[in-house]
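For reference, the structure discussed in these notes is given below.
Nothing here was measured: the structure is a model prediction, and the numbers come from that model.
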Amino acid sequence: MITNGTVFKVSDIPLETRLHEGRMKRYSIRTQGAQIVFGTITPQPLDKQKNHRAPHDHPYDMLLCVLDGCMMQDVEGIDHPVSAGSAMIVPAYYMHRGYAHGDRPAVLYEIFAPVRHDYIDLNGYQRNDYKDDGAPWVRDKELFSWTKWTRNDPWKKKPPLYKLAEMPVDTMLHEGRMRRRSLRTMQCQTVWAEITPQAKGKQGHHRAPQDHPFDQLIIVNKGRLRIEIGGKEQEMPPGSAVIVPPFTFHRSYAVGDDKVEMMEIFSPPRADYAHLVQWQNEVFPDQGQPWVNPEWDSWNRPPGL
């Protein structure tokens with residue numbers, strides 16, 4: 001059983017195979033406000049590849065990122081190939097469906113905020129930390145969230161498709177050794193970061209610990225990160241993850257010789273990270289929510305708070 005604040009191996013998360021006729025292997029990690037689902041879809045034979053699922057929509061934005069292979073996303077009746085290194089935001093109430101396209105498996109992840117009730121079984125191993133069953137993304141069969149199959153409704157803009165390597169880079173943190181890219185949806189913000197370690201004799205914490213009013217998911221893909229949570233230091237090797245609980249002081253730094261590649265998920269989006277996503281094509285009605293109190297820094301809060 002995984003507990004928030006404890007580093008765990010992503011490979012220990014249970015797999016599930018009920019979608020795409022059993023050709024999709026997937027697993028999930030959630031926070032209070034967001035859910036990430038990792039999947040690998042084995043494509044059908046080339047001469048049989050097509051959409052076999054009816055189109056559907058959701059009341060919230062979905063972020064799809066493809067790591068390898070290609071997904072063909074049919075959005076409002078138009079096919080959009082989403083290749084490796086690309087991300088697509090499917091806006092709320094856009095009809096869509098997709099399948100693995102080409103001759104190699106599609107490796108991907110989808111980020112949902114809030115957590116999906118119909119996917120809550122994927123997070124049964126997190127029951128000790130979260131008691132809710134998520135929010136309805138898809139209604140019961142009799143009241144399924146279908147809308148008219150609009151075939152490129154002129155009122156609906158083309159869904160945003162981004163190349164991760166072409167996104168603007170921010171270098172404000174870790175003395176300029178951290179390179180960050182970010183995308184947000186209405187309810188969630190994802191940050192991809194690379195951290196170059198300091199020289200071995202100088203590696204250590206150089207930032208004061210901080211806390212936030214919401215929980216945060218950190219996943220390390222490459223390199224090693226050392227993280228302090230609630231005064232306890234832990235090592236985060238490649239393929240590890242941790243959920244930092246709300247109002248828990250934490251800080252981290254890269255260790256070893258290799259660059260750290262990591263991902264962070266924040267729900268709701270962070271107001272202090274709004275500058276990271278100002279370049280996006282979408283227009284959001286807010287600048288995110290306060291994760292750090294503007295009246296005082298979160299590690300020097302007034303007594304009793």
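In this structure the side chain of T6 never reaches within 4.5 angstrom of the side chain of V242, judged on heavy atoms. Side-chain atoms of M71 and I41, non-hydrogen and from C-beta on, do get closer than 4.5 Å to each other. Counting heavy atoms from C-beta outward, L108 and L67 have side chains that stay 4.5 Å or more apart. The closest side-chain heavy-atom distance from Q287 to Y273 is not below 4.5 Å. Side-chain contact check for L161 versus Q73: every heavy-atom pair is 4.5 Å or farther apart. At a threshold of 4.5 Å between non-hydrogen side-chain atoms, the residues M262 and L225 count as touching. Using a 4.5 Å cut-off on side-chain heavy atoms (C-beta onward), I243 and D129 make no contact. Side chains of H58 and Y93 form no contact here, defined as non-hydrogen atoms less than 4.5 Å apart.
With rounding to the nearest 0.5 angstrom, the OG atom of S240 is 10.0 Å from the NZ atom of K9. The distance from atom CD of Q126 to atom CZ of F8, rounded to the nearest 0.5 Å, is 6.5 Å. With rounding to the nearest 0.5 angstrom, the OH atom of Y27 is 8.0 Å from the CG atom of L15. Atom CD1 of I218 and atom OG of S252 lie 5.5 Å apart (nearest 0.5 Å). A distance of 6.5 Å separates CZ in R270 from CD in Q216, rounded to the nearest 0.5 Å. The structure places OG1 of T171 at 12.0 Å from CZ of R177, a figure rounded to the nearest 0.5 Å.
Counting all heavy atoms, side chain and backbone alike, N4 lies closest to P245 at CB-CG, 3.9 Å. For the residue pair A113 and W137, the shortest heavy atom distance occurs at N-CZ2, 3.5 Å. P159 approaches P91 most closely through the heavy-atom pair CB-CD, 4.3 Å. Contact detail for Q203 and P197: the closest heavy-atom pair is NE2-CB, 3.6 Å. When all heavy atoms are compared, the tightest approach of P160 to E282 is CG-OE2, 3.2 Å.
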For this session: Walk me through it: do Q189 and S182 pass the test side-chain contact (heavy atoms from CB on, under 4.5 Å)?
Result: CA-CA 7 Å; Q189 183 170 11; S182 182; 3.0 Å; yes
For this session: Would you sort out whether I265 and I36 count as a side-chain contact (heavy atoms from CB on, under 4.5 Å), showing the intermediate values?
Result: CA-CA 9 Å; I265 296 179; I36 182 169; 3.9 Å; yes
For this session: Evaluate the criterion side-chain contact (heavy atoms from CB on, under 4.5 Å) for residue pair L183 and Q280; output intermediate values, then yes/no.
Result: CA-CA 7 Å; L183 279 175; Q280 282 188 238; 3.6 Å; yes
Exercise. Taking it one step at a time, do K200 and D257 satisfy side-chain contact (heavy atoms from CB on, under 4.5 Å)?
Worked result: CA-CA 8 Å; K200 280 194 173 181; D257 299 318; 2.9 Å; yes
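For D258, the side-chain contact (heavy atoms from CB on, under 4.5 Å) criterion is met by no residue, not counting sequence neighbours. Scored by the salt bridge (Lys or Arg N to Asp or Glu O under 4.0 Å) test, E228 finds R251 as partners (sequence neighbours excluded). Q49 pairs by the side-chain contact (heavy atoms from CB on, under 4.5 Å) definition with P43, Q44, L46, Y99, H101, not counting sequence neighbours. Legend: residues meeting side-chain contact (heavy atoms from CB on, under 4.5 Å) with S28, ordered by chain and number and at least two apart, are Q35, V37, L122, N123. Remark: D215 engages Y130 in a side-chain hydrogen bond (donor to acceptor under 3.5 Å, both in side chains) (not counting sequence neighbours). In terms of the side-chain contact (heavy atoms from CB on, under 4.5 Å) criterion, residue partners of D170 (sequence neighbours excluded) are, by chain and number, M172, R180, H275, L276. With sequence neighbours left out, D118 forms a salt bridge (Lys or Arg N to Asp or Glu O under 4.0 Å) with R116.
Of the possible polar contacts, none joining the R224 side chain to the E235 backbone as a donor-acceptor pair under 3.5 Å is found. T248 places a side-chain N or O within 3.5 Å of a backbone atom of P246 that can act as its donor or acceptor partner.
Residues F266 and V220 are members of one and the same hydrophobic cluster, defined by side-chain heavy-atom contacts under 4.5 angstrom among Ile, Leu, Val, Met, Phe, Trp and Tyr. Grouping the Ile, Leu, Val, Met, Phe, Trp and Tyr side chains by contacts below 4.5 angstrom, directly or via other members, places M178 apart from V255. Under the 4.5 Å side-chain heavy-atom criterion for ILVMFWY residues, a single connected hydrophobic cluster contains both Y94 and M62. When hydrophobic clusters are built by joining Ile, Leu, Val, Met, Phe, Trp and Tyr residues whose side-chain heavy atoms come closer than 4.5 Å, directly or via intermediates, V191 is grouped together with F214. Cluster annotation: L63 is connected to I219 through the hydrophobic network of ILVMFWY side chains, with a link wherever side-chain heavy atoms come within less than 4.5 Å.
Every pair passing salt bridge (Lys or Arg N to Asp or Glu O under 4.0 Å) that includes a residue from residues 22-43 is listed here, sequence neighbours excluded: E16-R26, E21-R23, R30-D132. Listed by first and then second residue, the salt bridge (Lys or Arg N to Asp or Glu O under 4.0 Å) pairs that reach into residues 182-199 are R184-D286, E194-K259, sequence neighbours excluded. The ring-ring contact (aromatic ring centres under 6.0 Å, His included) pairs that include a residue from residues 161-204 are Y162-W279, where partners are two or more places apart or lie in different chains. Counting only residues at least two apart or on different chains, the salt bridge (Lys or Arg N to Asp or Glu O under 4.0 Å) pairs with a member in residues 58-70 are D68-R104.
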Just list the side-chain donor-acceptor pairs under 3.5 Å for residues 79-90, sequence neighbours left out, or say none.
residue : atom : partner : partner atom : Å
S83     : OG   : K163    : NZ           : 3.2
S86     : OG   : S83     : O            : 3.3
S86     : OG   : K163    : NZ           : 3.3

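Between H96 and H56, the ring-plane angle classifies as tilted under the 30° and 60° cut-offs.
The six-membered or imidazole ring of Y60 lies away from that of F112, with a centre-to-centre distance of 6.0 Å or more.
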